[in-house]
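Just so it is clear, the values below take in all heavy atoms, side chains as well, and ignore hydrogens, waters and symmetry mates. Owing to the predicted nature of the structure, the values given are computational and were not obtained by experimental measurement.
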Amino acid sequence: MKNYDIVIVGGGPAGLAAAVSARDHGTDSILIIERDKELGGILNQCIHNGFGLHTFKEELTGPEYASRFIDQVLDRGIEYKLNTMVMDISTMEGSSDKKVTAMNRTDGMFEIQAKAVILAMGCRERSRGALNIPGYRPAGIFSAGTAQRLVNMEGYMPGREVVILGSGDIGLIMARRMTLEGAKVKVVAELMPYSGGLKRNIVQCLDDFDIPLKLSHTVIDIEGKERVEAVTIAEVGPDRKPIPGTEERYTCDTLLLSCGLIPENELSKSVGVEINPVTSGPVVNDSLETSIDGVFACGNVLHVHDLVDYVSQEAITAGKNAAAYVKNGAAADAKAVEILPVDGVRYTVPKFIRPTEMDDNLTVRFRVGDVYKNCAIATYFNDTLISKRKRPVMAPGEMEQVILSKSKLNEFPDLEKITIRIEQA
């Protein structure tokens, strides 16, 4: 059994940044395991620009952004295995080390011993089967990410007349991409009364191409046996059920689904990591360490991000803390303070912090559950208001954040809880 200090599961933007950070913080023995044939993850098919504004202060495409981190991995001589699937992670008996079971065509099934593991598996798209759309199973129904790969990497056009269900960022971007390739995108239907994507993508991908976005609408019927022939959408009420008499029929040969992303956490569950039911990702503390000592998580496997720059920031933190764990072992049992998301805040990452273990200020990221206008993000230590930051508009499609000041935390030695809520400005 080969030994490494840190094994990173996933060679996308999170895994790459975590590996670079761990190496820069003193850990030499690192292995990245990636199931695809190349490093870079989902960024390889994201050929549009808009990446890197925070990290590199310039606008890059997805492959360009990924190549910056791939170059850093190669410059540092960090080991990686491609075309390799991690099958299981478990804690070794009589040791705090982890056993990672993986397989590929060259080595078959093999085991690796690691002092720390960083989970960076990313996320997957919600499938049609999870949406309960009635109708046959004809050709021409794709997830937006699958269509993106077909168009951008395989050179294959999924269809010529397109309806898109869901207004997540991938769906919005594919509305523009399909249009640029000569397809006619007839409508984007969104079940919720608000878009699930970034405002800039609504403007640049729909408004600029006169593609209609119908909020509070969903697909209620798909016609066609061999190939999609038409799709019927209808307005939904507050109960998310179709309203009779609001049906609209669109002839088309393709239906793209952009109905949300789900963190890829089957491996996390197998090792016994506690999962947050809201994010479907691991519950972590301020070090991005899960409920299992020495197992860290970052990126979209932890919670779905809107900007890859935030993924990289989070992964740098995870890599740094995994390196500290390898060097110093598990931290002493410090008092953990729970962050409570209430009144419009759906969740927070991290969920727990240990003020005595923190070196500096901490960024807490979260999403809201509805559209809020002229409101404020209020942070309380126990029942004392610490900060109140006005926001003209907040929406579920855009991640929000609060910075917890280390110096302010030190003023509350008896801190029992931190509350983050949405209040009137």
Side-chain angles (χ1 to χ4, degrees), residues 263 273-298 302-306 310 313-314 316-318 320-322 324-325 328-396 398-425:
V273 164
E274 181 185 351
I275 299 294
N276 184 325
V278 178
T279 62
S280 298
V283 171
V284 294
N285 62 21
D286 50 281
S287 293
L288 300 182
E289 189 175 20
T290 68
S291 56
I292 306 293
D293 282 350
V295 177
F296 299 80
C298 58
L302 181 54
H303 59 138
V304 176
H305 293 63
D306 47 7
Y310 295 158
Q313 289 173 18
E314 207 172 73
I316 288 167
T317 300
K320 171 188 171 184
N321 291 324
Y325 177 89
N328 305 320
D333 285 337
K335 179 185 176 183
V337 178
E338 185 175 2
I339 303 177
L340 302 173
V342 298
D343 296 340
V345 179
R346 294 191 66 228
Y347 69 88
T348 65
V349 171
K351 185 176 174 61
F352 297 96
I353 68 165
R354 301 156 303 165
T356 56
E357 296 295 313
M358 287 169 49
D359 295 327
D360 45 28
N361 296 344
L362 177 73
T363 300
V364 178
R365 293 199 167 96
F366 63 91
R367 288 185 189 268
V368 294
D370 206 339
V371 176
Y372 295 93
K373 295 182 179 179
N374 300 317
C375 288
I377 302 168
T379 305
Y380 291 83
F381 287 1
N382 294 331
D383 296 317
T384 303
L385 178 65
I386 298 302
S387 68
K388 190 168 183 177
R389 181 163 55 92
K390 292 182 179 180
R391 297 283 281 115
V393 63
M394 290 180 283
E398 307 212 16
M399 196 173 287
E400 301 288 342
Q401 66 181 38
V402 165
I403 308 294
L404 297 185
S405 161
K406 172 68 173 174
S407 60
K408 201 70 179 174
L409 285 165
N410 289 338
E411 295 176 16
F412 287 79
D414 298 323
L415 186 62
E416 296 293 332
K417 64 179 180 179
I418 297 171
T419 306
I420 301 177
R421 57 162 43 103
I422 307 304
E423 295 182 350
Q424 289 298 314

Inset, instruction - State, without any angle test, whether H305 and Q313 hold a side-chain donor-acceptor pair at a distance under 3.5 Å. - result: no

Inset, instruction - With sequence neighbours left out, write down each residue that passes ring pair (Phe, Tyr, Trp, His ring centres under 6.0 Å) with F366, or none if nothing qualifies. - result: none

Legend entry - Donor-acceptor contact present, side-chain E338 to main-chain K351, <3.5 Å: no

Inset, instruction - Can you see which heavy atom on T363 is nearest to which on P350, and at what distance? - result: O-CD, 4.1 Å

Legend entry - Straight-line distance of I353 CD1 to T348 OG1, nearest 0.5 Å: 9.5 Å

Legend entry - K388 side-chain N/O to A376 backbone N/O, donor-acceptor pair under 3.5 Å: no

Legend entry - ring pair (Phe, Tyr, Trp, His ring centres under 6.0 Å) against Y310, all qualifying residues, sequence neighbours excluded: H54

Inset, instruction - Taking all non-hydrogen atoms of both residues into account, name the closest pair between L415 and V337 and its distance. - result: O-CG2, 3.7 Å

Inset, instruction - With sequence neighbours excluded, give me every salt bridge (charged side-chain N to carboxylate O under 4.0 Å, His left out) pair touching residues 411-421. - result: K335-E416, D343-R421, D383-K417, K408-E411

Legend entry - Pairwise side-chain contact, V283 with S291, heavy-atom cut-off 4.5 Å (strictly under): no

Inset, instruction - Report the C-alpha separation of C375 and Q424 in whole Å, then their side-chain angles, then the decisive distance to 0.1 Å, and conclude whether the side chain to side chain contact (heavy atoms under 4.5 Å, CB included) test is met. - result: CA-CA 5 Å; C375 288; Q424 289 298 314; 4.3 Å; yes

Legend entry - Exam field: side chain N361 to backbone I403, donor-acceptor pair closer than 3.5 Å: no

Inset, instruction - Working to the nearest 0.5 Å, report the span between CD of E400 and CG of D306. - result: 9.0 Å

Show which side-chain atoms of residues 273-280 pair as donor or acceptor with protein atoms under 3.5 Å away, not counting sequence neighbours.
residue : atom : partner : partner atom : Å
N276    : OD1  : V278    : N            : 2.8
T279    : OG1  : G281    : N            : 3.0

Inset, instruction - Keeping the roles fixed (side chain from D286, backbone from R354), state whether a donor-acceptor pair exists under 3.5 Å. - result: yes

Inset, instruction - Test side chain to side chain contact (heavy atoms under 4.5 Å, CB included) on I422 and I377 and set out the steps. - result: CA-CA 5 Å; I422 307 304; I377 302 168; 4.2 Å; yes

Legend entry - Minimum-distance pair of heavy atoms, taken over all atoms of S287 and N285: N-OD1, 2.9 Å

Legend entry - Any side-chain heavy-atom pair of H303 and R346 under 4.5 Å: no

Inset, instruction - Determine whether T419 and P341 make a side-chain contact, defined as any pair of heavy atoms from C-beta on separated by less than 4.5 Å. - result: no

Inset, instruction - List in chain and number order the residues that pass ring pair (Phe, Tyr, Trp, His ring centres under 6.0 Å) with Y380, two or more places apart in sequence or in another chain; answer none if no residue qualifies. - result: none

Inset, instruction - List the atom of T379, the atom of V402, and the distance in Å for their closest heavy-atom pair. - result: OG1-CG1, 3.5 Å

Inset, instruction - Keeping to residues at least two apart or across chains, list the salt bridge (charged side-chain N to carboxylate O under 4.0 Å, His left out) pairs with something in residues 360-374. - result: none

Legend entry - side chain to side chain contact (heavy atoms under 4.5 Å, CB included) between F381 and L409, intermediate numbers included: CA-CA 8 Å; F381 287 1; L409 285 165; 3.6 Å; yes

Inset, instruction - Could you tell me whether the side chain of P263 reaches within less than 4.5 Å of the side chain of L302, counting heavy atoms only? - result: no

Inset, instruction - Decide yes or no on side chain to side chain contact (heavy atoms under 4.5 Å, CB included) for E289 and N321, but give the supporting numbers first. - result: CA-CA 8 Å; E289 189 175 20; N321 291 324; over 6 Å; no

